Amino acid sequence: MDKKTALFILIAVLGSLVVGYSYSQISSLQHVALQDSKLVINSEVKPIAYNGEDLYHFISQENSVPKKRINKEVSWYKSISADYPIGNAPGIKIVQETINSEVNNFDCLNDDENISEEEISKEGEWLRSSYVCSLLIDYFNTANGKLMTHILNKYTFAGGAHGIFEVDTITVDKLGKAYTFSDLVRKDYQGDYVPELIEIIKKAVRYQFEQEIGYPDVDSMREALTPEVISDVPFEMRVGEIVFVFTEAQRLSHATGIISISVPYSEMRTILNPDFVNL
């Protein structure tokens, strides 16, 4: 056997080993994905351990929380698909409890009427669509090095022309303590900060709408910024800015969709406590 032939055989053997290894890895991943799709809401998951250094690095990064996807066909008319963050990152238990509550309390019209699929099929597809309902929850997270925000984007459909979009945010520190926006206000702030915050967001709304095509009427959006809305608006802590998220729950129409307004820390210098942001 000459050297060229021997070399060719060696390359072929090595290639088959690599292909075989890659195939086994892909098969393993597919198996894991299949197992994940069968998760139940209250499944026990071994937490991931973090030391102090890892925790600081972790909370300083975005999209670092591991998560699994729950896909659950409850019945012929009800389906649930939700991200389920795992591990022991700050605030994860609160997020898990929130998701559990959303899933366990997701009610549909047919929960009470209990009409069978066979009965619905006799009436026609138009009636079936009136009973079908679904819940979709996507999980994300953001952080600024001092605080982390867990974000749950929720879409529910229970018949009718369209579903409903909602957003829940949970902001925590490294120890898992939850914060509302009022908790982030300077201790020496005199009076009510809300009127000043409204004016700051209105300014950001006008600037952002002028930069982006397809946003709703600026004046309508600005009129929706009342003290009641601002006191309850979800917010995300990011590096250098806070993003305020406005949905139908904040008195905006369904056609408006979800609108995110970014406000730099520098614009809120007189309001924000420097213990929580880098001004």
Side-chain angles (χ1 to χ4, degrees), residues 58-67 70 81-103 105-106 135-156 163-185 193-194 197-198 200-201 204-205 208 221 224-252 254 256-265 267-268 271-273 275-278:
F58 160 78
I59 204 169
S60 300
Q61 304 298 316
E62 295 186 5
N63 304 319
S64 302
V65 178
K67 59 186 180 181
I70 300 166
S81 181
D83 285 336
Y84 199 73
I86 58 177
N88 64 347
I92 282 296
K93 186 175 181 181
I94 301 174
V95 179
Q96 292 173 339
E97 290 173 350
T98 301
I99 295 174
N100 288 343
S101 178
E102 292 286 353
V103 170
N105 294 303
F106 177 50
L135 170 66
L136 174 65
I137 301 176
D138 293 324
Y139 168 82
F140 306 94
N141 65 83
T142 60
N144 69 354
K146 296 183 178 182
L147 297 174
M148 165 176 281
T149 300
H150 301 283
I151 306 161
L152 295 175
N153 290 343
K154 184 177 71 169
Y155 176 79
T156 56
I164 299 175
F165 288 100
E166 296 176 275
V167 177
D168 288 331
T169 59
I170 302 166
T171 295
V172 298
D173 62 15
K174 296 177 184 180
L175 299 179
K177 178 183 177 181
Y179 289 81
T180 64
F181 187 87
S182 61
D183 295 326
L184 309 182
V185 176
Y193 70 89
V194 173
L197 181 60
I198 289 176
I200 291 172
I201 296 178
V205 167
Q208 187 163 317
M221 175 65 188
L225 300 177
T226 63
E228 293 77 18
V229 168
I230 294 300
S231 63
D232 192 42
V233 65
F235 64 92
E236 306 168 7
M237 302 301 296
R238 296 177 179 265
V239 176
E241 65 181 9
I242 295 179
V243 176
F244 296 93
V245 184
F246 296 89
T247 67
E248 293 177 62
Q250 280 72 46
R251 299 182 180 179
L252 299 178
H254 176 80
T256 305
I258 296 176
I259 297 179
S260 298
I261 303 297
S262 302
V263 182
Y265 294 153
E267 293 292 322
M268 297 178 284
I271 296 178
L272 295 176
N273 188 330
D275 291 344
F276 302 116
V277 298
N278 295 317

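Model, not experiment: these values are computed from the prediction.
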Could you tell me whether the side chain of [X] and the main chain of [Y] form a donor-acceptor pair under 3.5 Å?
| X | Y | answer |
| --- | --- | --- |
| Thr149 | Met237 | yes |
| Gln96 | Ile86 | no |
| Asn144 | Phe276 | yes |
| His150 | Tyr139 | no |
| Ser101 | Glu97 | no |

Show the nearest heavy-atom pair for residues [X] and [Y], with the distance to one decimal.
| X | Y | value |
| --- | --- | --- |
| Ala204 | Val263 | CB-CG2, 3.8 Å |
| Val65 | Ala89 | CG2-CB, 4.4 Å |
| Ser262 | Pro264 | O-CD, 4.0 Å |
| Val172 | Pro90 | CG2-O, 3.5 Å |

Would a 4.5 Å heavy-atom cut-off, applied to side chains only, mark [X] and [Y] as touching?
| X | Y | value |
| --- | --- | --- |
| Ile271 | Ile200 | yes |
| Thr169 | Phe244 | no |
| Val229 | Phe246 | yes |
| Lys146 | Asn278 | yes |
| Leu197 | Val194 | no |
| Asn88 | Ile92 | no |
| Ile151 | Asn153 | yes |

Worked verdict on Phe235 versus Val167 for side chain to side chain contact (heavy atoms under 4.5 Å, CB included)
CA-CA 9 Å; Phe235 64 92; Val167 177; over 6 Å; no
[atom1]/[X] to [atom2]/[Y] distance, rounded to the nearest 0.5 angstrom?
| X | Y | atom1 | atom2 | result |
| --- | --- | --- | --- | --- |
| Ile201 | Met268 | CD1 | CE | 7.5 Å |
| Tyr179 | Leu147 | OH | CG | 6.5 Å |
| Lys67 | Tyr84 | NZ | OH | 14.5 Å |
| Thr156 | Ile164 | OG1 | CD1 | 5.0 Å |

For Met148, which of Thr171, Ile170, Asn141, Asp173 qualifies under side-chain contact (heavy atoms from CB on, under 4.5 Å)?
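Testing each of Thr171, Ile170, Asn141, Asp173 against Met148, the sole residue satisfying side-chain contact (heavy atoms from CB on, under 4.5 Å) is Asn141.
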Under the rule for ring-ring contact (aromatic ring centres under 6.0 Å, His included), what residues qualify as partners of Phe106, not counting sequence neighbours?
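If we apply the ring-ring contact (aromatic ring centres under 6.0 Å, His included) test to Phe106, skipping adjacent residues, there are no hits.
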Under the side chain to side chain contact (heavy atoms under 4.5 Å, CB included) criterion, do Asp168 and Glu102 qualify, and how do the steps go?
CA-CA 11 Å; Asp168 288 331; Glu102 292 286 353; 3.8 Å; yes
Whether Phe165 and Tyr155 hold their rings parallel, tilted or perpendicular, with breakpoints at 30° and 60°
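The arrangement is tilted - the two ring planes meet at 30° to 60°.
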Let me see the working for Asp83 and Asp138 under side chain to side chain contact (heavy atoms under 4.5 Å, CB included), right down to the final yes or no.
CA-CA 5 Å; Asp83 285 336; Asp138 293 324; 4.0 Å; yes
